[in-house]
2 protein chains.
Amino acid sequence: MQPRHRNALGEIAVANEPDRAEDETAHKLMLAGMELFGQYGFKGTTTRMIAEAADSNIGSIAYYFDNKTGLYHAIARHIAQRMRDVFGFNDERPPTEASDRDQALAQLELIVRRMVRQFAQAPEARRWLMLVIREQANPSEAFDILYEETFERVHVHLTRLIAVVMDRSPDEHRVIIEAHTIMGQIVFFLVGRFPLLRRLGLEGEFPPEVVDTVEQVVISHLHALAFTTKG
Amino acid sequence: MQPRHRNALGEIAVANEPDRAEDETAHKLMLAGMELFGQYGFKGTTTRMIAEAADSNIGSIAYYFDNKTGLYHAIARHIAQRMRDVFGFNDERPPTEASDRDQALAQLELIVRRMVRQFAQAPEARRWLMLVIREQANPSEAFDILYEETFERVHVHLTRLIAVVMDRSPDEHRVIIEAHTIMGQIVFFLVGRFPLLRRLGLEGEFPPEVVDTVEQVVISHLHALAFTTKG
DNA sequence: TCATCGTATAATCATTTGATTAAAAATGAA
DNA sequence: TTCATTTTTAATCAAATGATTATACGATGA
């Protein structure tokens, strides 16, 4: 009755093992759910939609994840893990600290490039960003998962690097807000992609030169931080 | 059977007249709908929720707006109008053009301050921003209303001013993307307000000094535009 | 006072939805 | 193969939902 790989906590082992075989039912449900929850939101996505997209059965959702909410949380955990993978925050050691301004800037540039490219090009990242945005704007229980396991780490890391660039303390509100603003620039590139495409007279996907320009814009803002006078 | 104020196009006159008496049923439905659609999304909001919040009846939704979708579109039109009011884009004449860099910067600062304060403090603006964000990320028919009637005008105006500051053409992709990035910074201040509050060790509302800092951050990015070397 | 018309309400309807169930199918060990 | 266990499936259920309808209410004018 209980699936073999359900542990004592009621958690689903497979939920944290994205490397399972492609045809695993639980994995297929999570993939389909990620796509659909991101696109239509939690309530906008029906269990039947998920089951059909996953080429599976409604009953399997209950079998592997207890219920729709369980699947949603499993997906949040999976996304948190994948985000850390993609952004290189999943190693045991924390990302290396930068000691001087040039090093910090170089690391920031690297992070920005990686995030912009992921959001612009990797279909996977695009899939889950909307789910993440929804949670940030309108937190459910999944927000805590995403915040604690990923968002805070990225945010703190950005803040530390920016503190070095600005020659300020990473505890200052100003520095934290600068980090937040940098994230906002990147995120809005994806969240507001439809209006941006229209404004550029384009349709469909962002062409590579636009992605390059977005990178340049964000990076130029990073460099400007070095010249911000202390107030 | 048909409400008196329904015109030939099937549009609802009251939908574009936010100044009607407070106790007008149609107006109450729109207010409640704005709040609820913004918070729970289109599917996440039920007609019963709206009717109850508006202290009205389910049947009235059909009576005034045909159906749930009609109410949603009426709300989108109303929001578009209110956004233009709030940001001063509702005059017959387009906003004044800036001829030199200092004038353009001053105008940009004004716009940024107005938007940040609205998003931070006006409950109304906060209410509809989430609805707008959802539409941008996941466009329905209401997206066209919001885009054409408001977003594009604001975007174009920002782009023109930024073009002056950067001494470039407002048609350049670089300039359009800079404008988009500025909007992203402001919008993410509200969309990502929960994670930002957590990072700042705060809860509830943004205190005034945080709002001030956000303004300073965005404005410093505006000023940095003047020093961006042409590429 | 009554009649009319615009508005509001409660009851009802057909679908949809998440969840459950019992049976079938697949899997694997003896 | 046999048999027990795990997994998948289709059918079913109760609750919720958008829409509709018939009726009641209330203001206005004859």
Side-chain angles (χ1 to χ4, degrees), chain A residues 1-8 10 12-15 17 20-33 36-37 39-75 140-142, chain B residues 1-8 10 12-15 17 20-33 36-37 39-75 140-142:
Chain A
M1 200 51 97
Q2 288 283 56
R4 183 186 48 193
H5 46 286
R6 184 186 298 265
N7 69 19
I12 311 303
V14 73
E17 294 174 23
R20 271 185 117 86
E22 274 289 328
D23 55 10
E24 276 279 338
T25 303
H27 190 236
K28 284 195 299 178
L29 287 172
M30 287 180 61
L31 269 186
L36 293 166
F37 283 135
Q39 192 164 5
Y40 302 109
F42 183 76
K43 287 212 57 167
T45 304
T46 70
T47 52
R48 282 170 179 80
M49 284 162 70
I50 297 170
E52 187 177 10
D55 203 18
S56 178
N57 186 280
I58 313 179
S60 298
I61 294 172
Y63 184 72
Y64 285 104
F65 304 98
D66 272 359
N67 51 36
K68 188 184 176 185
T69 305
L71 171 60
Y72 187 70
H73 288 173
I75 287 171
S140 77
E141 283 179 47
Chain B
M1 202 50 99
Q2 286 282 57
R4 184 187 47 192
H5 46 284
R6 186 186 297 266
N7 70 18
I12 311 303
V14 73
E17 292 174 25
R20 268 185 120 83
E22 274 289 327
D23 56 10
E24 276 280 337
T25 304
H27 190 237
K28 286 194 297 177
L29 286 171
M30 286 179 61
L31 270 186
L36 292 166
F37 283 136
Q39 192 164 5
Y40 302 110
F42 182 76
K43 286 213 57 169
T45 304
T46 71
T47 53
R48 283 168 179 82
M49 285 163 68
I50 297 171
E52 188 177 10
D55 203 18
S56 177
N57 187 280
I58 313 181
S60 298
I61 294 172
Y63 185 70
Y64 285 103
F65 305 98
D66 273 1
N67 52 35
K68 186 183 175 185
T69 305
L71 171 59
Y72 187 69
H73 288 174
I75 287 171
S140 78
E141 281 178 47

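Not measured: the values here are computed from a predicted model. By convention in this document, chain letters (A, B, ...) are assigned in the order of the sequence lines, proteins followed by strands, and residues within each chain are numbered from 1.
- Residues A:Tyr40 and A:Thr46 are not in side-chain contact: their nearest non-hydrogen atoms beyond the backbone lie 4.5 Å or more apart.
- Using a 30° and 60° split on the angle between ring planes, B:Phe42 and B:Tyr72 fall in the perpendicular class, above 60°.
- Contact record, B:Arg48 with B:Ile58: CG-CD1, 3.4 Å, taken as the closest heavy-atom pair.
- Contacts of A:Asn57 with the nucleic acid, taken as non-hydrogen atoms under 4.0 Å apart, include base atoms.
- No engagement by A:Thr69 is indicated, since no non-hydrogen atom pair under 4.0 Å with the nucleic acid exists.
- Whole-Å rounding puts the A:Ile58 CD1 to C:dT21 P distance at 15 Å.
- Nucleotide D:dA14 holds its P atom 20 Å from the CG atom of A:Asn67, rounded to whole Å.
- Of all non-hydrogen atoms in B:Ala32 and B:Ala53, the two that sit nearest each other are CB-CB, 3.8 Å.
- Considering only side-chain N and O atoms, B:Ser60 lies nowhere under 4.0 angstrom from the phosphate OP1 or OP2 of C:dT7.
- Relative to the side chain of B:Tyr64, the nucleotides D:dT8, D:dG18, C:dT7 differ in distance, and C:dT7 lies closest.
- Rounded to whole Å, atom P of D:dA19 lies 10 Å from atom CG of B:Leu71.
- DNA chain C is contacted by both B:Gly59 and A:Gly59; B:Gly59 maps to the nucleotide lying nearer its 5′ end (nearest heavy atom per residue).
- To the nearest angstrom, P of C:dA8 lies 9 Å from CG of B:Leu29.
- An OP1 or OP2 oxygen of C:dA19 is reached within less than 4.0 angstrom by no side-chain nitrogen or oxygen of A:Tyr63.
- Rounded to whole angstrom, the span from the CZ atom of B:Arg48 across to the P atom of D:dA15 amounts to 14 Å.
- Regarding contacts with the backbone of C:dG18, a side-chain N or O of A:Thr47 is found under 4.0 angstrom from either OP1 or OP2.
- Listed pair B:Thr46 / D:dA16 fails the phosphate criterion, with no side-chain N or O lying under 4.0 Å from OP1 or OP2.
- Computed from coordinates, the B:Lys43 NZ to C:dT15 C1' distance equals 11 Å when rounded to whole Å.
- The shortest heavy-atom contact between B:Ile50 and B:Phe37 is CD1-CZ, 3.7 Å.
- Whole-Å rounding puts the A:Glu52 CD to C:dT17 C1' distance at 15 Å.
- Between the CD atom of A:Glu24 and the P atom of C:dA26 there is a distance of 17 Å, rounded to whole Å.
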